[in-house]
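Sequence lines set the chain letters: A, B, ... in the order given, protein chains first and strands last, and positions in each chain run from 1.
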Amino acid sequence: MNGPMLFDEEEALRDESRRDAGPGPNVLTIDIDGWEGPLDLLLALARTQKVDLRQLSILALVEQYLVFIDEVRALKLELAADYLVMAAWLAYLKSALLLPKDPTIDPSPEELALRLQLRLERLNAMRESGARLMARDRIGRDVFLRGAPEKLRVVKARAWECDYFELITAYGQINARTQPAMHIVKKRQVMTLEQALERVSAMIGRAIDWTAISAFLPPMADPALRKSALASSFVAALELAKRGVVDLQQESTFAPLMLRKKAT
Amino acid sequence: MIETDPDMRAVEATLFASDQPMTVEQIRGYVGDSVDVSAALTQLAAHYQGRGIEIVQRGKAWHFQTAPDLAHLLRREREESRKLSRAAVETLAIIAYHEPVSRAEIEAIRGVQISKGTLDVLMEAGWVRPAGRREVPGRPLIYATTPGFLTHFGLNSRKDLPGIADLKAAGLLDPIDSAMGDMLFTGEESDSELEINENNA
Amino acid sequence: MIETDPDMRAVEATLFASDQPMTVEQIRGYVGDSVDVSAALTQLAAHYQGRGIEIVQRGKAWHFQTAPDLAHLLRREREESRKLSRAAVETLAIIAYHEPVSRAEIEAIRGVQISKGTLDVLMEAGWVRPAGRREVPGRPLIYATTPGFLTHFGLNSRKDLPGIADLKAAGLLDPIDSAMGDMLFTGEESDSELEINENNA
């Protein structure tokens, strides 16, 4: 036995006949590698009985297997372990079948034998089905498809999407982008140093006691102007202190800055 | 006259031009919704009966092919189609007749482990595909055949698998345990056969 | 009956399976010397007349093909809509507002070069067409919009396009300034922090 079965019909037939000639007692050219495991070997042996597998003599099969294995071992060919495991199991099965029935043994040897037979039947069924499948009218071997089909084509037509708003917005943005840039500084309300000097000088005249600088700011809400007024009033306070018009006092860092008219 | 029926002409031309088997829906995508594609295909198939080429249905898909009895004229001697190993053929048969089936189930039937390449070869050929997982411990992958399998082997459906009805009737597609139950139940006959054989032995 | 003529069947299958047009001699190489290939071809050609497929002779070789009048079926259009790129929208807008306009003029207005593909896309969309050449040195191509452009954007004429003043009024003209405004606005928030300090003061 050699190699995988090829699905050339002739070769398959030749292969089959070689298999069926099987490993008879006179066959010395035994190639154990040709078998796909013990079940495969068992099936090939079973087929040499030339009966329907349902009529198979399991005892005869066991005998065939054990003889075969012995021959192989006599030739000092190496056997894979699973063949030996199967041989041991079959030897057990054989003795169990031959011995008087012991109802306590479960599963019974008859059941084991039946199981083995069923497995062989199933493998055989699939092997035959496979061969029949391969023998069908297969595309590229028995039936042929059209050699040069025109082929169907799917032509992709692209529809471009763009809506009106996008179009005019784009134009607006081009214009905005390409218009010569002119930078105008926004007018801010500020209190100049002069204004602050005037305002603080006027107000300090009326203040007798220490007064926080925030009291000198214009009371209106605009925070921008308020900030400007604070900065200018602070500088004005320093200026007035320099001129000797006011006293300044701050208890600690970030504490309110206090102003008072300098005592004269 | 058949030749001038515009629907049939359209279906004929479409299927003929295609390099793939086509389903009714796919054909309709080309010939338009107004055409009764199924009817046209049936008529065409009848029309080509006995000719050198034929229209066949494989699963849901249809295609043109040469008549099988002309294989001897067209077979290219040198370019033998892919040769499958025995393991691959058996594995394919087991998947086809038992699908969906797990690797362990395939191995149980064959009595040997499947080598890594075997399933790959079948999948590469486009005949077998993984078809989900079996909801048992370990969630093994299960395998089934493809539409391409039906096409390649000229099967209209899995029911056309050679001998599948007989195998089913004989219980040869059932797992051994359930088969055992049946046989022990109907019992006697096979037992007695076995006994006879034993006597022969 | 024609269907059962074995010579014709053989020639039909051979020609069908071939991936090349075949001469009478080549066909004979497959079907055998006993077959009158020419006669079979002539009969087949007659047989397919008016059908969805036909057998034709080109030079010395014969082949099957689908009927030419059905070619439109074998091509199926699939629409695929895609958004116009930013560059394409701007280019289209410039052409619409300034037409007819040359590529160099478009680039001058956009302030950026346009890639060759941009105008192609607009022409493919059917919104822009070449509209002659500008009679200046180099005679550049000039572009204009098409009636399809007006239809697509729901315009009666180009005069319906909003003018610069309209765009300005709609706030579409100065995206940069408004962005600046946003920044000033967020700037004020930090002012309030200062105020808190003032209050503390």
Side-chain angles (χ1 to χ4, degrees), chain B residues 1-20 22-23 25-35 37 39-41 43-56 62-79 81, chain C residues 1-20 22 25-37 39-56 62-79:
Chain B
M1 212 177 121
I2 192 163
E3 284 82 351
T4 54
D5 181 273
D7 289 358
M8 206 173 309
R9 289 185 76 220
V11 172
E12 186 179 32
T14 304
L15 196 59
F16 197 75
S18 175
D19 59 347
Q20 299 281 330
M22 294 179 89
T23 65
E25 288 69 33
Q26 287 170 331
I27 296 170
R28 194 176 290 127
Y30 286 85
V31 298
D33 290 337
S34 61
V35 175
V37 174
L41 283 168
Q43 277 175 278
L44 277 169
H47 183 79
Y48 275 99
Q49 201 118 51
R51 295 278 299 278
I53 55 182
E54 54 183 26
I55 290 190
V56 293
W62 295 72
H63 69 263
F64 271 100
Q65 65 180 30
T66 57
D69 66 306
L70 299 174
H72 62 284
L73 295 179
L74 305 174
R75 194 170 293 166
R76 278 73 157 174
E77 311 294 344
R78 295 286 159 247
E79 44 182 279
S81 55
Chain C
M1 216 177 121
I2 194 163
E3 283 85 350
T4 54
D5 181 277
D7 291 357
M8 207 174 307
R9 292 184 74 225
V11 171
E12 188 179 32
T14 304
L15 201 56
F16 170 88
S18 172
D19 60 355
Q20 298 279 333
M22 294 178 93
E25 289 67 35
Q26 287 169 328
I27 297 171
R28 192 175 291 128
Y30 283 86
V31 299
D33 290 338
S34 61
V35 175
D36 184 343
V37 175
L41 282 168
T42 311
Q43 275 176 281
L44 274 170
H47 182 78
Y48 276 102
Q49 201 117 48
R51 295 279 297 280
I53 54 186
E54 55 183 28
I55 290 191
V56 291
W62 294 74
H63 69 270
F64 270 106
Q65 65 179 30
T66 54
D69 65 309
L70 298 175
H72 64 282
L73 290 178
L74 310 181
R75 231 179 297 117
R76 189 165 59 157
E77 296 225 329
R78 195 167 60 197
E79 282 236 325

Under a 4.5 Å heavy-atom cut-off, does chain C meet the side chain of E54(B), its backbone, both or neither?
neither
Separation between CG of L44(B) and CZ of R51(C), rounded to the nearest 0.5 Å
7.0 Å
Can you name the closest pair of heavy atoms from A13(C) and I53(B) and give their distance?
CA-CG2, 4.1 Å
Pick from T66(B), L70(B), L74(B): which one makes a side-chain contact (heavy atoms from CB on, under 4.5 Å) with F16(C)?
T66(B)
Identify which of D69(C), V31(C), L15(C) forms the greatest number of heavy-atom pairs closer than 4.5 Å to chain B.
D69(C)
Measure across R9(B) and A67(C) and return the closest heavy-atom pair with its distance rounded to 0.1 Å.
NH2-CB, 3.3 Å
